[in-house]
Amino acid sequence: MSIQIKNVSKTFGSFQALEDVSLHIQSGELVALLGPSGSGKTSLLRVIAGLETSDVGEILFDGQSMIDRHPKERNVGFVFQHYALFRHMTVFDNVAYGLKVRPRKTRPSKLEIKNKVMELLKLVKLENFSDRYPTQLSGGQRQRVALARALAVEPKVLLLDEPFGALDAKVRKELRRWLRKLHNDFHITSIFVTHDQEEALDVADRIVVMNNGKIEQIGSPDDVYTNPKSPFVYDFLGNVNLFKGRLHNGKLMHGEFAIDVPDVQTHTEDHAVGYVRPHDIHIEKTNIPGTVPVKVSHIHLLGPIVQIELRREDIDEFLEAELTKEQFTNLQLKIGDHVFVKPKQLKVFIPEDFSI
Amino acid sequence: MEQSTFIQQVAPEKNNTVTKSAALQEPRFVRYTLIFIALAFLAFFIVLPLVSIFTTAFQKGVDVYVAAITHPDALAAIKLTLTVVAVAVPLNAIFGVMAAWALTKFNFKGKNLLLTIVDLPFAVSPVIAGVVFILLFGSQGLFGDWLFEHDIKIVFALPGIVLATVFVTLPFVARELIPLMQTQGTSEEEASISLGANGFKTFWHVTLPNIKWGLLYGLILCNARAIGEFGAVSVVSGHIRGMTNTMPLHIEILYNEYQFAAAFAVASLMSVIAIITLIVKDIIAWKSKSV
């Protein structure tokens with residue numbers, strides 16, 4: 001089922017949670033809503049589910065308006081951050097709940113419900129836990145029960161609110177792979193909310209980056225990561241080095257450093273900020289034109305990746321570079337070494353009103 | 001030695017005993033003095049009066065005791081009290097659950113006002129509550145003429161006593177449920193609704209099982225107060241013997257007529273009910289913790 005969100009706004013008192021949000025989600029897509037807390041991502045998800053009502057705007061499922069539909073009629077599966085399992089019911093009863101509360105006419109028989117629930121519990125690998133109560137399960141198991149419960153009503157749309165947020169790193173990774181696989185098998189249109197950029201990049205077909213109740217950028221994980229449309233997206237998706245300088249004759253000047261920025265058209269603007277990812281910082285041992293002298297101040301070995309903290313010698317600022325282990329061994333860097341760096345790739349944004 | 005340390009480590013989880021660190025231990029002298037003061041206080045203010053109720057009740061023998069509690073007026077008082085309880089407690093259960101539900105699961109304007117209104121009976125003297133009902137429904141009251149024309153008796157009759165009791169016991173259930181429902185939040189209800197359940201099914205299958213022990217606890221407290229309520233009921237009842245006298249009012253009348261043995265006999269009956277209520281309350285409190 002495709003989902004269309006048209007010009008949705010929502011305020012809580014004086015707080016603008018969503019501001020004119022429009023988004024089209026294709027049938028069968030797995031979309032991540034990514035943003036910091038307070039960016040409106042959970043509000044958007046709850047508006048889609050009908051758990052909140054938007055002030056203005058339209059929500060369409062397959063072209064049909066859902067605005068006046070009660071959440072129980074929308075046929076969405078909702079997975080909550082803190083599971084929201086029914087604490088007084090066993091795992092079996094939790095999963096069976098959505099089927100048991102159906103009106104008599106559409107309710108499956110007891111045997112059908114039992115078969116369906118056991119099938120789902122098998123899918124989430126919890127078939128031996130059907131008699132347990134939620135408090136007797138681990139976090140990862142609880143979230144799997146919550147997923148099975150949401151899937152039991154055969155939803156057309158699956159909405160997940162920070163589904164792995166409360167789990168530890170290893171279980172989180174396992175579960176998101178599993179979610180990806182589940183999505184490949186069932187092709188339910190799914191939207192999940194996360195503040196973890198790695199999770200979004202790992203799982204989603206498309207990422208919607210949100211900030212301050214607005215959508216900053218929509219695109220494939222690769223697109224959003226390599227071509228951020230705004231400083232916010234650049235900053236939010238991964239680490240970044242800033243070169244705050246002045247634009248002059250198509251060059252960004254910063255300390256002793258100048259680099260050509262042909263893609264920036266405006267010549268009248270004075271101040272500009274260059275954004276460079278740590279892995280786009282190139283390190284040279286000899287001084288060649290267009291490089292900045294730096295001193296190695298810290299080296300962190302993180303398995304196959306080496307993070308290097310560099311202190312600029314022209315001005316008092318720090319840079320962060322990321323090398324592969326191989327590059328690092330070839331360069332033979334030590335703390336206190338004097339080297340020269342230049343950005344391999346740099347994106348310039350002209351600051352409007354914000355300062356970082 | 002090994003055995004005892006093992007027990008100390010396991011014990012806190014099993015029977016809730018608290019093992020304190022040495023830093024929190026007071027000298028033996030201080031501990032025993034404090035324990036003695038607390039026990040002496042309890043004995044003087046609680047145990048002694050309770051014992052005296054029963055000794056006075058049986059002072060003139062078992063025959064007098066039995067006669068006192070089987071006297072038609074006494075039986076009428078017991079019956080009236082039970083009737084009032086049977087009406088007031090369910091009414092409060094319904095109101096309490098509805099108020100707690102509205103106050104914890106929804107956000108709306110005037111929420112704090114409703115919260116204050118729920119608490120009002122705790123703040124207002126019961127006598128004032130009784131007088132208010134007289135002013136509203138008495139013969140000189142606001143609705144007095146209308147009620148007289150339609151031959152409806154509220155004040156000095158059962159409806160008035162029930163109204164006064166409901167008013168006084170209003171906060172018990174709601175006050176018990178509000179903090180409980182606040183900590184439980186609304187996510188389970190939201191989950192239920194997103195799974196296709198309607199409001200009533202959500203309440204019945206999700207909300208009610210989660211609050212049942214708290215609700216029972218509130219009902220027990222409400223029940224105890226409804227049986228024992230004196231002030232408000234005294235104002236609206238009119239003290240008609242065998243008709244509008246509840247147990248506490250009956251005790252007062254007997255006492256004022258110097259029938260001490262009879263008064264204390266009925267009082268002992270109420271004390272027994274109170275003690276049973278306390279035991280049931282403790283069982284429920286213990287059960288609700290273990291679930």
Side-chain angles (χ1 to χ4, degrees), chain A residues 12-13 42 45-46 48-53 69-90 93-104 106-107 133-135 142 145-162 166, chain B residues 13-14 16 97 100-113 115 176-177 179-218 283-291:
Chain A
F12 293 104
T42 295
L45 198 75
R46 290 171 63 87
I48 297 170
L51 297 172
E52 304 282 357
T53 46
R69 293 271 187 96
H70 193 265
K72 71 184 165 82
E73 295 161 358
R74 293 196 188 187
N75 202 6
V76 297
F78 202 101
V79 176
F80 295 82
Q81 183 180 6
H82 297 289
Y83 328 122
L85 294 177
F86 307 128
R87 68 196 94 181
H88 61 282
M89 292 185 202
T90 61
D93 288 333
N94 262 285
V95 178
Y97 184 82
L99 299 171
K100 279 185 181 166
V101 296
R102 281 192 187 167
R104 206 172 293 270
T106 53
R107 194 189 308 159
Y133 283 90
T135 47
R142 285 183 211 184
V145 175
L147 258 162
R149 183 178 70 177
L151 291 171
V153 292
E154 292 175 2
K156 298 267 169 54
V157 176
L158 190 59
L159 304 173
L160 306 106
D161 183 10
E162 305 239 2
Chain B
E13 279 183 26
K14 292 260 159 162
N16 264 345
V97 171
W101 167 274
L103 285 167
T104 54
K105 308 279 176 181
F106 302 96
N107 268 316
F108 53 90
K109 270 186 189 159
K111 188 169 161 166
N112 282 328
L113 190 71
L115 202 64
E176 195 61 44
L177 291 183
L180 179 68
M181 286 165 94
Q182 248 160 5
T183 49
Q184 288 180 347
T186 54
S187 62
E188 283 186 46
E189 279 81 11
E190 285 176 350
S192 167
I193 282 166
S194 77
L195 288 167
N198 60 27
F200 176 74
K201 277 182 175 163
T202 298
F203 174 75
W204 191 253
H205 292 296
V206 176
T207 309
L208 199 57
N210 278 340
I211 61 168
K212 64 180 172 194
W213 295 116
L215 178 60
L216 265 175
Y217 190 87
I283 291 171
I284 286 171
W286 173 75
K287 270 226 163 191
S288 64
K289 235 176 251 164
S290 66
V291 167

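We use all heavy atoms of the structure for the numbers below, so side chains are in, but hydrogens, waters and symmetry mates are not. Lettering follows sequence order; numbering is per chain, from 1.
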Using a 4.5 Å cut-off on heavy atoms from C-beta on, say whether the side chain of B:Glu190 contacts that of A:Arg46. yes
Specify the closest pair of heavy atoms between A:Val101 and B:Gly196, including all atoms of both residues, with the distance to one decimal. CG2-C, 4.3 Å
Which portion of A:Arg149 sits near chain B, non-hydrogen atoms under 4.5 angstrom: both
Part of B:Gln184 within contact of chain A (heavy atom distance under 4.5 Å): both
Check whether A:Ala152 gets within reach of chain B through its side chain, its backbone, both or neither, counting any heavy atom under 4.5 Å. neither
More than 12 heavy atoms of other groups within 6.0 Å of A:Lys156 NZ: no
Straight-line distance of A:Leu51 CG to B:Glu189 CD, nearest 0.5 Å: 12.0 Å
Just do the side chain to side chain contact (heavy atoms under 4.5 Å, CB included) check on B:His205 and A:Lys100 with the steps written out, would you? CA-CA 11 Å; B:His205 292 296; A:Lys100 279 185 181 166; over 6 Å; no
Toward chain A, the part of B:Asn107 with a non-hydrogen atom under 4.5 Å: neither
For residues B:Ile193 and A:His70, determine if any side-chain heavy atom of one lies less than 4.5 Å from a side-chain heavy atom of the other. yes
Grab the two heavy atoms, one from B:Leu195 and one from A:Tyr97, that are nearest each other, plus how far apart they are. CD1-CD2, 3.9 Å
Given a strict heavy-atom distance threshold of 4.5 Å, which part of A:Phe80 is in contact with chain B: side chain, backbone, both, or neither? side chain
Are any non-hydrogen side-chain atoms of B:Lys212 and A:His88 less than 4.5 angstrom apart? no
B:Thr186 versus chain A, heavy atoms under 4.5 Å apart: side chain, backbone, both or neither? neither
Does any backbone or side-chain atom of A:Leu159 lie under 4.5 Å from a heavy atom of chain B? Answer side chain, backbone, both or neither. neither
Most heavy-atom pairs under 4.5 Å with chain B, out of A:Ala84, A:Ala146, A:Gly98, belong to A:Ala84
